[in-house]
K.L.:
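This is the structure I want to talk about, given as structure tokens.
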Amino acid sequence: MSNSHSLKIYNSLSGKKEEFVPLEEGHVGMYVCGPTVYSDVHLGNCRTFVSFDIIYRYLRQKGYVVRYVRNITDVGHLTDDGEDRMAKGAKVARLEPMEVAQKYTVGFHELMQIFNTLPPSIEPRATGHIPEQIDMVQDIFSRGYAYERNGSVYFDTIKFAKENPGVYGQLSGRVIEDLLVETRDNLKSQDEKNHPSDFAIWMKARKEDLMVWKSPWSVGFPGWHLECSAMSTKYLGKTFDIHGGGNDLKFPHHENEVAQNVGACGCAPARYWLHTNMLLLNSRKMSKSEGNTISPFELFTGNSPFVSKGYDPMVVKFFMLMAHYRSTLDISDDALLAAEKGYRKIMETNRQLQAIAVNAADFDGSETDTDRKILSLIDDVFAGMDDDFNTAMAIASLNELGSYINKYVHQQIAANEIAPWVIERMKTVFSTVIFDIFGLRDETESGGDSGTMEGLMDLILAMRAKARENKDWAASDMIRDALAAVGIQIKDGKEGTRWEKIDV
RNA sequence: GGUCUCGUGGCCGAGUGGCUUAGGCACAGCUCUGCAAAAGCUGCUACAGCGGUUCGAAUCCGCUCGAGACCUCCA
């Protein structure tokens, strides 16, 4: 399903929307910073990965062959006390570091499946790319942007900034002069670094560090930031199309990443930088370290003081899609409730649409205003997606289409108002957008799980229909109420009774 | 303190110079219905405050107030 719009993407480097033109026609290389697997992923991470999943899916939908690389960081992050995070987790839990990493990697994958996201093309691990990272340190060294102190290697940001004007700070909007000024305040720092903005690209291990490797400088481990530079280069090339991640990674992580790549090869890594905005709880950023967080499973089960009930993962996903990925999104019970209704409605509309059997005899062959309006709305759906992946706009247009579908189904507009091929086109658009691009699942479908359930419900509804025929309202209502008590909602309609499982 | 973003109707949330009444939820009326639910239709016209630019601003500029993010690990 293609369309005529050109795709526009907001590029954090330039601060504006730009037309997307890949380096190599028909192909897109996209790198997204994945999770650090030293604890459970939280909902904020999910939003970012869901956003990029939709970007990935949409690029594919537009016909691009996409190589989507999303890493797993299982080494390299330092805690405040300088201890490797993985090692810290290991000591607390008395597990092998790799055991900790494995546990949370598996959990992360499960969650991504629950949200129905596609796996990336390549999911490299930092620990699996130590040689590549050592090579990159050497490249940076040979180009003069690194210095060694007691077995650790640091990136020389000041020298780099002077020799590469306009590069360091471009992404995050930082000013080099400010960096230079900072020096004075930090002179007394006992740090090994020449300058506070310098950062480690190789760290010499202390005796308590568990995850260590040999290098030309010391036995130690690579610095944070370096893994992404090394792995994106390895799998996507020195320069590639899209680099994504959460807003909070912009500085210092992404800024330093750019510096490392440019420092190592003289060329900029990504051409388009995309940053997703934060998911808020209580109007504050969700954060593991600050404890302001609700876990995905607490949200699914309702086991949290922040929500009145559990929400289906697809409802949570739909809730995320109702906002643009670059806006902050404040999670609240009311908003989730509204999203749940909206999600059910759009799924119901789709089912009604797919069930329409067009009768060619109803059609007189002319194109009506309604046809034109519908085609225009379909165009709006894709125009929204082409405008920096604006899912909120796409959903709005889908809802407007839904209004036509409902009027048609309820015979509030004449059958010959909409041409059969337009109906068919709507069917394709709905299923493509909802299932292929948004990656939603229809969890509201009647039955679904087993034929037994279907059969039982058919029986029960037949009994109720019989009771109603005999005007035995007591029996009829008893069945209705009893079903409601176990979470099954009865929907009486013109053509019979449908049912749906709802949360109690 | 420095850098930056945002402040939209009861709630969530798009939109960035003049036609979008965006959309969703809630609410009200109506249709349908044995009643109800569900479903459908219709209605509900906002853009923090002040000043400026402009023929015209929610949309551009300035100031004020408020919220948040980054500057330290964080999607």
Side-chain angles (χ1 to χ4, degrees), chain A residues 15 32-36 38-39 41-52 70 73 76-80 85 169 172-175 178-179 181-182 196-197 224 244-253 255 275-280 283-290 293 318-319 321-346 348-349 352 380 384 387 390-400 402-403 405-407 409-412 468 471-473 476-477 480-481 484 489-494 497-500 502:
Chain A
V32 172
C33 289
T36 302
Y38 69 95
S39 67
V41 273
H42 68 87
L43 205 58
N45 301 62
C46 294
R47 185 192 185 196
T48 291
F49 300 132
V50 163
S51 295
F52 281 107
R70 186 185 63 205
T73 295
H77 280 52
L78 300 180
T79 54
D80 293 336
R85 281 190 169 184
S172 60
R174 238 132 281 248
V175 185
D178 292 349
L179 292 178
V181 170
E182 270 182 289
S197 66
W224 185 43
N247 218 310
D248 48 357
L249 292 183
K250 212 188 263 180
F251 190 89
H253 183 60
E255 196 69 79
H275 289 98
T276 58
N277 218 136
M278 300 294 101
L279 188 61
L280 308 181
S283 300
R284 299 201 148 265
K285 177 179 146 182
M286 276 206 198
S287 163
K288 286 189 229 189
S289 50
E290 284 170 36
T293 173
F318 189 74
F319 165 70
L321 297 184
M322 293 203 318
H324 184 74
Y325 77 87
R326 278 192 293 117
S327 300
T328 54
L329 177 59
D330 202 346
I331 199 162
S332 70
D333 201 48
D334 283 346
L336 285 166
L337 238 25
E340 182 172 57
K341 292 276 186 71
Y343 164 76
R344 288 179 184 283
K345 183 172 175 173
I346 210 164
E348 172 72 16
T349 299
Q352 302 263 43
D380 288 346
D387 184 6
N390 197 326
T391 50
M393 266 173 69
I395 288 173
S397 300
L398 238 31
N399 275 317
E400 288 194 73
S403 177
I405 294 165
N406 288 321
K407 283 179 193 168
V409 169
H410 290 85
Q411 287 145 34
Q412 295 187 345
R468 296 180 75 206
K471 303 208 188 303
D472 182 358
W473 308 129
S476 146
D477 291 351
R480 180 214 288 161
D481 297 343
Q489 183 182 50
I490 295 297
K491 299 179 174 188
D492 291 325
K494 208 83 183 183
T497 300
R498 290 173 301 115
W499 60 278
E500 185 182 310
I502 55 169

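Here is how names work: the chains are called A, B, and so on, in the same order as the sequence lines, proteins then strands, and each is numbered from 1.
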K.L.:
Hey, which sits more toward the 5' end of RNA chain B by its nearest nucleotide, A/K407 or A/H42?
P.N.:
A/K407
K.L.:
For nucleotides 65-70 of chain B, just jot down a letter per nucleotide in 5' to 3' order: B, S or -, based on protein non-hydrogen atoms under 4.0 Å.
P.N.:
---SSS
K.L.:
Pairing donors with acceptors under 3.5 angstrom, does anything connect the side chains of A/T328 and A/N277?
P.N.:
no
K.L.:
If you restrict it to nitrogen or oxygen atoms, what contacts under 3.5 Å exist between nucleotides 25-33 of chain B and the protein, and what is each distance?
P.N.:
unit_1, atom_1, unit_2, atom_2, d
B/A26, OP1, A/K341, NZ, 2.2

K.L.:
Under 4.0 angstrom, heavy atoms only, what part of the nucleic acid is A/E348 near: base, sugar-phosphate, or nothing?
P.N.:
nothing
K.L.:
In whole angstrom, what separates A/W473's CH2 from B/C35's C1'?
P.N.:
8 Å
K.L.:
Looking at CZ of A/R468 and CG of A/D477, how far apart are the two atoms once the value is rounded to the nearest 0.5 Å?
P.N.:
8.5 Å
K.L.:
Select one nucleotide: of B/A75, B/A14, B/G40, the one nearest the side-chain heavy atoms of A/Q412.
P.N.:
B/G40
K.L.:
Has the side chain of A/N390 got a donor or acceptor atom that lies under 3.5 Å from a matching backbone atom of A/M393?
P.N.:
yes
K.L.:
Please work out if A/E400 contacts a base, only the sugar-phosphate, or nothing of the nucleic acid, heavy-atom cut-off 4.0 Å.
P.N.:
sugar-phosphate
K.L.:
Please state how far atom CG in A/N399 lies from atom C1' in B/A14, giving the value in whole angstrom units.
P.N.:
12 Å
K.L.:
Would you say A/Q489 and A/R480 make side-chain contact, with heavy atoms under 4.5 Å?
P.N.:
no
K.L.:
If you measure from the P atom in B/C32 to the same atom in B/C41, how many Å do you get, rounded?
P.N.:
16 Å
K.L.:
Determine, stepwise, if the pair A/L280 / A/I331 fulfils side-chain contact (heavy atoms from CB on, under 4.5 Å).
P.N.:
CA-CA 6 Å; A/L280 308 181; A/I331 199 162; over 6 Å; no
K.L.:
When rounded to the nearest Å, what value does the distance between P atoms of B/G13 and B/G17 take?
P.N.:
23 Å
K.L.:
Specify the closest pair of heavy atoms between A/A339 and A/F319, including all atoms of both residues, with the distance to one decimal.
P.N.:
CB-CB, 3.6 Å
K.L.:
Separation of A/D380 atom CG from B/G15 atom P, in whole Å?
P.N.:
14 Å
K.L.:
For B/C60 versus B/G7, give the span between their P atoms, rounded off to a whole number of Å.
P.N.:
10 Å
K.L.:
Mind checking the C1' distance from B/A57 to B/A46? Whole angstroms is fine.
P.N.:
15 Å
K.L.:
How many Å lie between CG on A/N277 and C1' on B/C4, as a whole number?
P.N.:
11 Å
K.L.:
Expressed in whole Å, how much space separates the C1' atoms belonging to B/G9 and B/G24?
P.N.:
14 Å
K.L.:
Taking the side chain as everything from C-beta on, heavy atoms only, tell me whether A/T73 gets closer than 4.5 Å to A/Y38.
P.N.:
no
K.L.:
When all nucleic acid strands are considered with a 4.0 Å heavy-atom cut-off, which category describes A/N390: base, sugar-phosphate, or nothing?
P.N.:
sugar-phosphate
K.L.:
Measure distances between side-chain N and O atoms of A/R480 and base N and O atoms of B/A36, and say whether any donor-acceptor pair falls under 3.5 Å.
P.N.:
yes
K.L.:
Can you measure from CD1 (A/I395) to OG (A/S397) and round to the nearest 0.5 angstrom?
P.N.:
10.0 Å
K.L.:
Just to be sure I understand the rule, does A/G44 reach a base, reach only the sugar-phosphate, or reach nothing, if contact means heavy atoms closer than 4.0 Å?
P.N.:
base
K.L.:
Would you kindly give the CG-to-C1' distance between A/L329 and B/C11, to the nearest whole Å?
P.N.:
13 Å
K.L.:
Calculate the interatomic distance between A/L321 atom CG and B/C12 atom P; express it in whole Å.
P.N.:
19 Å
K.L.:
Under the 3.5 Å rule, do the base of B/G13 and the side chain of A/D330 count as making a donor-acceptor pair?
P.N.:
no
K.L.:
Given the rule that a pair is Watson-Crick or G-U wobble with both distances under 3.5 Å, how would you write RNA chain B in dot-bracket, using | for pairs to a different strand?
P.N.:
(((((((..(((.(...[.)..))).(((((.......)))))....(((((..]....))))))))))))....
K.L.:
Indicate, with a heavy-atom threshold strictly under 4.0 Å, whether A/A335 touches base, sugar-phosphate, or nothing.
P.N.:
sugar-phosphate
K.L.:
Ignoring hydrogens and angles, does a donor from either the side chain of A/S403 or the base of B/G40 sit under 3.5 Å from an acceptor on the other?
P.N.:
no
K.L.:
Could you check whether any side-chain heavy atom of A/N247 comes within less than 4.5 Å of a side-chain heavy atom of A/M278, counting everything from C-beta outward?
P.N.:
yes
K.L.:
Rounding to an integer number of Å, can you tell me how far A/I405 CD1 sits from B/C41 C1'?
P.N.:
16 Å
K.L.:
Under a 3.5 Å distance rule, please check whether A/S327 uses its side chain to pair with a backbone N or O of A/A323 as donor and acceptor.
P.N.:
no
K.L.:
Between A/T276 and A/R47, does the side-chain contact (heavy atoms from CB on, under 4.5 Å) criterion hold? Intermediate values first, please.
P.N.:
CA-CA 8 Å; A/T276 58; A/R47 185 192 185 196; 6.0 Å; no
K.L.:
Is the shortest side-chain N/O distance from A/S327 to OP1 or OP2 of B/A14 below 4.0 Å?
P.N.:
yes
K.L.:
Considering only atom C1', compute the distance from B/U16 to B/G10 and round it to an integer number of Å.
P.N.:
26 Å
K.L.:
With a 4.0 Å cutoff (strictly under), does any side-chain N or O of A/N45 reach OP1 or OP2 of B/A75?
P.N.:
yes
K.L.:
Taking only the P atom of each, what is the distance from B/A58 to B/C65 in whole angstrom?
P.N.:
23 Å
K.L.:
Please determine whether side-chain contact (heavy atoms from CB on, under 4.5 Å) holds for the pair A/R498 and A/I490, giving the CA-CA distance in whole Å, both sets of side-chain angles, and the decisive distance to 0.1 Å.
P.N.:
CA-CA 6 Å; A/R498 290 173 301 115; A/I490 295 297; over 6 Å; no
K.L.:
For residues A/H275 and A/Y325, report the shortest heavy-atom separation together with the two atoms involved.
P.N.:
O-CE1, 3.7 Å
K.L.:
A/Q489 side chain: which of B/A38, B/A75, B/G40 is closest?
P.N.:
B/A38
K.L.:
Can you check the A/K491 NZ to B/C35 P distance for me, whole Å?
P.N.:
20 Å
K.L.:
Provide the distance between the two P atoms, one in B/C25 and one in B/U72, to the nearest whole Å.
P.N.:
44 Å
K.L.:
Run the side-chain contact (heavy atoms from CB on, under 4.5 Å) check on A/K250 and A/E255 step by step: do they pass?
P.N.:
CA-CA 6 Å; A/K250 212 188 263 180; A/E255 196 69 79; over 6 Å; no
